[in-house]
Q: 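One structure, pasted below without further comment.
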Amino acid sequence: TNRSFSSTASPRAVTLIPGDGVGPLVTDAVEQVMKAMKAPVYFDRYEVRGDMKCMPEEVMDSIKKNKVCLKGGLMTPVGGGVSSLNVQMRKELDLYASIVHCFTLPGLPTRHNDVDIVVIRENTEGEYAGLEHEVVPGVVESLKVITKYCSERIAKFAFEYADVNKRKKVTAVHKANIMKLADGLFLESCREVAAKYPEIQYEEIIVDNCCMQLVSKPEQFDVMVTPNLYGNLIANTTAGLAGGTGVMPGGNVGTDQAVFEQGASAGNVGNEKILKLKKANPVALLLSSAMMLRHLEFPSFADRLETAVRRVIAEGKFRTKDVGGDSTTQEVVDAIIAAVD
Amino acid sequence: TFTSAASESNLIRATLFPGDGIGPEIAESVKQIFKVAKVPIEWEEHYVGKEIDPRTNSFLTWESLESVRRNKVGLKGPMATPIGKGHRSLNLTLRKELNLYANVRPCYSLPGYKTRYDDVNLITIRENTEGEYSGLEHQVVRGVVESLKIITRQASLRVAEYAFHYAKTHGRERVSAIHKANIMQKTDGLFLKCCREVAEKYPEIKYEEVVIDNCCMMLVKNPALFDVLVMPNLYGDIISDLCAGLIVAILAREVLLLLRPCMVQHLILPERIVHGRIKAVLSRIISSEQAGFVEGRSIVENVLFVQEIIAEIRKRGKPRNLNLANPTALLLSSVSMLRHLELHDKADRIQDAILKTIAEGKYRTGDLGGTASTTEFTNSICDHL
Ligand SMILES: Nc1ncnc2c1ncn2[C@@H]1O[C@H](COP(=O)(O)OP(=O)(O)OP(=O)(O)O)[C@@H](O)[C@H]1O
Ligand SMILES: Nc1ncnc2c1ncn2[C@@H]1O[C@H](COP(=O)(O)OP(=O)(O)OP(=O)(O)O)[C@@H](O)[C@H]1O
Ligand SMILES: [Mg+2]
Ligand SMILES: [Mg+2]
C-alpha cells in the first residue's frame with residue numbers, strides 16, 4: 001500500500017470498454033478525471049457493442065493480461081437468440097462475485113436517508129445457467145443450478161468483505177421454503193462459512209419479505225449475500241432507494257480479474273434524449289473507478305476521487321437530471337476536476 | 001355447515017372461510033358491514049377441519065372445496081398450517097385444488113394515512129400455478145442441485161387474458177408484463193409471447209414489457225409509473241411484497257415498539273395485529289426453532305405465528321376477545337369480491353365508507369397507530385355507509 005502514496009507508483013494498464021448508449025460519455029468522464037488527478041493508470045480502449053454475437057477475442061485477451069477492466073453498459077437484446085455479452089464475460093473470466101454498493105449520498109434528496117448496503121451476488125450460475133429447452137410445444141423448462149462450490153466461495157467472499165471493511169452483519173437472501181434443495185444448499189453453505197466468522201452477525205431472509213423490508217426499513221441491512229437472480233433484483237431495488245442508476249457503483253470480481261461498471265444499470269444504457277443533450281450522470285462510473293483504484297491498491301487516489309465526487313454532489317450546484325439537476329455530463333466532470341485537490 | 005336455511009332466490013351464495021386466529025373476528029366485521037349495506041349475499045360458512053380429510057389430504061374438507069366450486073366465489077380469512085407437520089399448506093391446497101391461477105393483489109396508498117409513498121395505485125397479477133414453484137428439484141451429483149422452472153403456453157395465456165380482462169373491466173389503462181427474457185430467453189420469452197398475443201385483442205389497453213430488475217428500480221423511484229402488472233410466479237411473489245412495503249405506514253418509534261410487523265397474504269394492507277402485551281408471553285409460546293416474529297422470517301410464517309399465539313392465548317383464557325385486529329384488508333378483499341360479482345354500487349359504498357373512516361382518523365386500530373377495537377372500527381364504517 002505504500003506504493004500508492006508516491007506519485008512514482010508504476011502505472012497500471014486498464015482495459016476500457018466504452019460500450020453502448022451513455023457508456024462512451026461516462027467512460028470519457030472517467031478518463032478526464034483520472035488524467036486530471038494524474039492517477040497511475042492508462043487505458044487500452046476497445047469498441048464493443050451489446051448486439052455482437054460474442055465478445056471479441058482480443059478484448060478478452062486484453063482483460064486477461066491487464067487483469068482489470070472498466071466498462072460502460074452493454075445493451076442486452078431481449079429474445080432473438082443473442083446471449084448477453086455481460087453474462088458471457090462473467091462466465092469466461094469467472095467473475096464470480098458482483099458487488100454493488102448502495103448508499104445515500106449526503107445532499108441528494110431521497111426517500112430514505114440511511115441506506116448503506118453492499119449487495120454481494122453470485123454471478124456465474126443459478127437462474128443464469130442458460131439451460132433451457134422446450135419439452136413439448138408450449139411447455140418450456142429452465143434450469144436453475146446451484147452448486148456447493150459456488151455457494152461456498154461467494155459466502156466466503158461476502159464474509160471476507162465484511163471483515164475487511166469492518167461491517168457488522170451479513171444477510172443471506174433465499175427462497176428456501178419453496179426451493180428447498182437449491183436455495184437450501186445455498187443457505188447451508190452460508191451457514192458453514194458464517195460459523196467461521198463469529199464476530200460478524202449472520203441472518204437469513206426470504207426474498208419476498210426482504211424486498212418489503214428493503215423499501216420500508218432499508219437501514220436494517222448491511223452486507224447481503226445472494227444467489228444470482230435475487231441479487232440482481234435486490235441491488236436494483238436498493239439502488240432505486242438511494243438515487244438510481246446514475247449514482248450506484250459496482251464491480252465484478254473473480255480470482256484473477258475484475259471488471260468495474262455501473263452498479264445497477266438495470267439494462268439501462270440511457271435514451272436518445274440523454275445522448276443528444278449529453279446529460280448522462282457520470283457519478284456512478286466515477287465511484288466505480290474509485291472502487292477500481294482501491295482494487296489496484298491505490299487507496300489515496302481512490303479517496304481523493306471519492307471525496308471530490310461527494311463534495312460536488314453535496315454542494316448541489318452541478319447535478320444531472322436523474323438526480324434533480326440540469327447539468328451536462330461535462331459540467332459535472334469539470335466541477336469534480338476542480339474539486340480534486 | 002350452512003348458516004341459514006333462508007333461500008330467497010335473488011341471493012347470491014358465497015363461501016366464507018373465517019379462518020383461524022384473528023380470522024373469525026375480521027370475518028365478523030365483513031358480515032356486519034354486508035348486512036348493514038344490504039348486500040344480497042348469503043354466506044356458507046366453512047371452518048378448517050380438526051383432522052385430515054383423506055380426500056383432500058389436508059385439513060380442508062372436500063365439502064369446503066365443493067362449496068367453493070358450486071358457489072364459484074369465496075372469501076377467506078387467514079388460515080394457519082401447522083408448521084413442520086408434513087401436511088400440505090391450506091393455502092396451497094386451495095390454490096391447487098381450485099386451480100386459482102391468478103393471484104391478484106391491489107396495492108394503493110390510503111388517503112389520510114401517511115406512508116412514505118403516497119402515489120401508489122397499482123395491481124399485481126401473479127401466475128400462481130407453475131414457474132419456479134414447480135417443486136421439481138434434484139441433486140445431480142453431490143454438491144450440485146437443479147431446480148426446474150416451468151412455463152407453459154396455456155398458463156401464460158390464461159393469466160395474461162385475466163390481466164387484460166381485469167384492466168378493461170376495472171377502467172385501467174395499461175398492462176405491464178414483467179420478465180427477465182434477456183436471460184431466460186425461452187421461458188420468459190414464451191411468457192412474453194403469450195402476453196403479446198393477448199394484448200392484440202385489447203387494442204384499447206396499452207401494453208408494455210419491463211425487465212424485472214428495472215421494474216424494481218422504477219417501483220421504488222416512482223410507483224406511479226405502473227398500473228396493472230402481470231408476471232410469472234416468483235417475480236409476482238417478490239414484486240407484490242415490494243409493493244406492500246411501499247405503503248407501510250411511517251409510525252412513530254414508540255408505536256413500532258408496541259407492535260410487531262405482520263402481513264396477511266392476498267390482502268391489501270400490511271396488518272400489525274399483535275399487541276405489545278403479547279410480547280411478554282412470546283418466549284413461553286414459541287420455541288427457538290420457530291423463531292416467528294424475528295426479523296427475516298417470511299411473512300407467511302409470521303402470520304402463522306400470530307395466529308398460533310392468539311389461539312394459544314385464547315386457550316389459556318387470558319384476554320377473552322382480543323378484538324384488536326384491523327379488518328381493513330379482508331374488507332377490501334370483500335369489496336374486490338363484490339366487484340367480481342358485478343355488485344359495483346355496493347362495492348363503491350363500502351369502499352368509500354372504509355376510506356372515510358380511515359381518513360377521518362377517529363377510529364383506528366392499533367396497527368394504524370390508534371386505540372380503537374375491531375368492533376368500534378367496524379361500527380364507524382357502518383355509520384359511514
Ligand atoms: N449514468 C447513467 N447510466 C444510465 N442511465 C442514465 C445515466 N445517467 C442518466 N441516465 C438516464 O437517467 C434515466 C433514469 O432517470 P429517471 O428514471 O429518473 O428519468 P426518466 O424519467 O427516465 O427521464 P425522462 O423524463 O427523460 O424519461 C434513464 O432514463 C437514463 O437514460
Ligand atoms: N411444492 C410446491 N409446488 C408448487 N407451488 C408451490 C409449492 N409450494 C408452494 N407453492 C406455492 O408457493 C406459494 C407460497 O409461497 P410464498 O412464500 O410465495 O407465499 P405467498 O403467496 O407469496 O404469500 P406471502 O405474500 O405471505 O409471502 C403459493 O403460491 C403456493 O401456491
Ligand atoms: Mg425513467
Ligand atoms: Mg410472498
Q: Starting from the C-alpha separation in whole Å, work towards a yes-or-no answer on side-chain contact (heavy atoms from CB on, under 4.5 Å) for Lys149(B) and Lys144(A).
A: CA-CA 7 Å; Lys149(B) 159 168 168 170; Lys144(A) 160 168 166 172; over 6 Å; no
Q: Ser147(B) and Met179(A): which non-hydrogen atoms are nearest, and at how many Å?
A: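 Result for this residue pair: OG-CG, 3.6 Å.
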Q: Starting at CG of Leu241(A), measure out to CE of Met217(B) and round the result to the nearest 0.5 Å.
A: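 Separation between the atoms: 10.0 Å.
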Q: In terms of heavy-atom proximity below 4.5 Å to chain B, should Ile146(A) be classed as side chain, backbone, both, or neither?
A: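 For Ile146(A), backbone and side chain are both near chain B.
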Q: Would you mind checking which part of Glu132(B) comes under 4.5 Å of any heavy atom in chain A, side chain (CB onward), backbone (N, CA, C, O), both or neither?
A: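 Both backbone and side chain.
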Q: With chain A, which of Asn222(B), Ile150(B), Val220(B) has the greatest number of heavy-atom pairs at distances under 4.5 Å?
A: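 Option with the top pair count is Val220(B).
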Q: Determine the minimum heavy-atom distance between Ser142(A) and Thr187(B), stating which atoms define it.
A: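 Looking at all heavy atoms of both residues, the closest pair is CB-CG2, 3.4 Å.
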Q: So, for Glu137(B) and Ala182(A), which heavy atoms are closest and what is the spacing to 0.1 Å?
A: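 So the two residues come closest at OE2-N, 3.0 Å.
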Q: Starting at CD of Glu141(A), measure out to NZ of Lys186(B) and round the result to the nearest 0.5 Å.
A: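 Those atoms lie 11.5 Å apart.
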Q: Select one option (side chain, backbone, both, neither) describing which atoms of Ile239(B) are under 4.5 Å from chain A's heavy atoms.
A: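 No part of Ile239(B) comes within 4.5 Å of chain A.
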Q: Under the side-chain contact (heavy atoms from CB on, under 4.5 Å) rule, what do Lys175(A) and Asp237(B) come out as? Steps first, then yes or no, please.
A: CA-CA 10 Å; Lys175(A) 187 86 196 174; Asp237(B) 184 25; 2.4 Å; yes
Q: Would you name the heavy atoms of Ile183(B) and Glu132(A) that are closest together and state the gap between them?
A: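 For Ile183(B) and Glu132(A), the tightest heavy-atom pair comes out as O-OE1, 4.2 Å.
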Q: Is Lys193(B) atom NZ crowded by more than 12 heavy atoms from other residues, nucleotides or ligands, each under 6.0 Å away?
A: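 No, not enclosed.
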Q: Give, as side chain, backbone, both or neither, the part of Ile151(B) having an atom under 4.5 angstrom from any heavy atom of chain A.
A: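 Backbone plus side chain of Ile151(B), per the 4.5 Å heavy-atom cut-off to chain A.
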Q: Considering only heavy atoms, which portion of Lys180(B) lies under 4.5 Å from any heavy atom of chain A: side chain, backbone, both, or neither?
A: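 Side chain only.
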Q: Most heavy-atom pairs under 4.5 angstrom with chain B, which of Glu188(A), His112(A), Glu125(A), Glu152(A)?
A: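 Most pairs with chain B among the choices: His112(A).
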Q: What closest approach, in Å, do Leu190(B) and Gly138(A) show between heavy atoms, and which atom pair accounts for it?
A: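 Shortest heavy-atom contact: CD2-O, 3.8 Å.
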Q: Kindly compute the distance separating CD1 (Ile238(B)) from CE (Met212(A)), expressed to the nearest 0.5 Å.
A: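 So the gap between those two atoms works out to 13.0 Å.
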Q: Would you list the pairs meeting salt bridge (charged side-chain N to carboxylate O under 4.0 Å, His left out) in which at least one residue belongs to residues 228-245 of chain A, sequence neighbours left out?
A: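 Counting only pairs at least two positions apart or across chains, no salt bridge (charged side-chain N to carboxylate O under 4.0 Å, His left out) contact touches residues 228-245 of chain A.
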Q: If I take atom CG from residue Asn86(A) and atom CG from residue Asn182(B), how far apart are they, to the nearest 0.5 angstrom?
A: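 CG of Asn182(B) is found 9.5 Å from CG of Asn86(A).
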Q: The test is side-chain contact (heavy atoms from CB on, under 4.5 Å); show your working for Val145(A) and Val144(B) and say whether it passes.
A: CA-CA 7 Å; Val145(A) 180; Val144(B) 180; 4.1 Å; yes
Q: So do Leu143(A) and Leu148(B) actually touch side chain to side chain, heavy atoms under 4.5 Å?
A: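 With C-beta onward as the side chain, the pair touches.
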Q: Working to the nearest 0.5 angstrom, can you tell me the gap between Cys215(B) SG and Asn236(A) CG?
A: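 Reported value, rounded in 0.5 Å steps: 10.5 Å.
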Q: Which atom pair, heavy atoms only, marks the closest approach of Leu181(A) to Gln139(B)?
A: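 In terms of heavy atoms, the two residues are closest at CD1-N, 4.3 Å.
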Q: Please state whether the side chain, the backbone, both or neither of Leu229(A) comes within less than 4.5 Å of a heavy atom of chain B.
A: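 Leu229(A) touches chain B through side-chain heavy atoms alone.
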Q: Given a strict heavy-atom distance threshold of 4.5 Å, which part of Tyr117(B) is in contact with chain A: side chain, backbone, both, or neither?
A: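 For Tyr117(B), heavy atoms of backbone and side chain both lie under 4.5 Å from chain A.
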Q: Quick one, Glu127(A) and Met184(B) - any side-chain contact, counting heavy atoms below 4.5 Å?
A: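 Yes, at least one pair of side-chain atoms sits under 4.5 Å.
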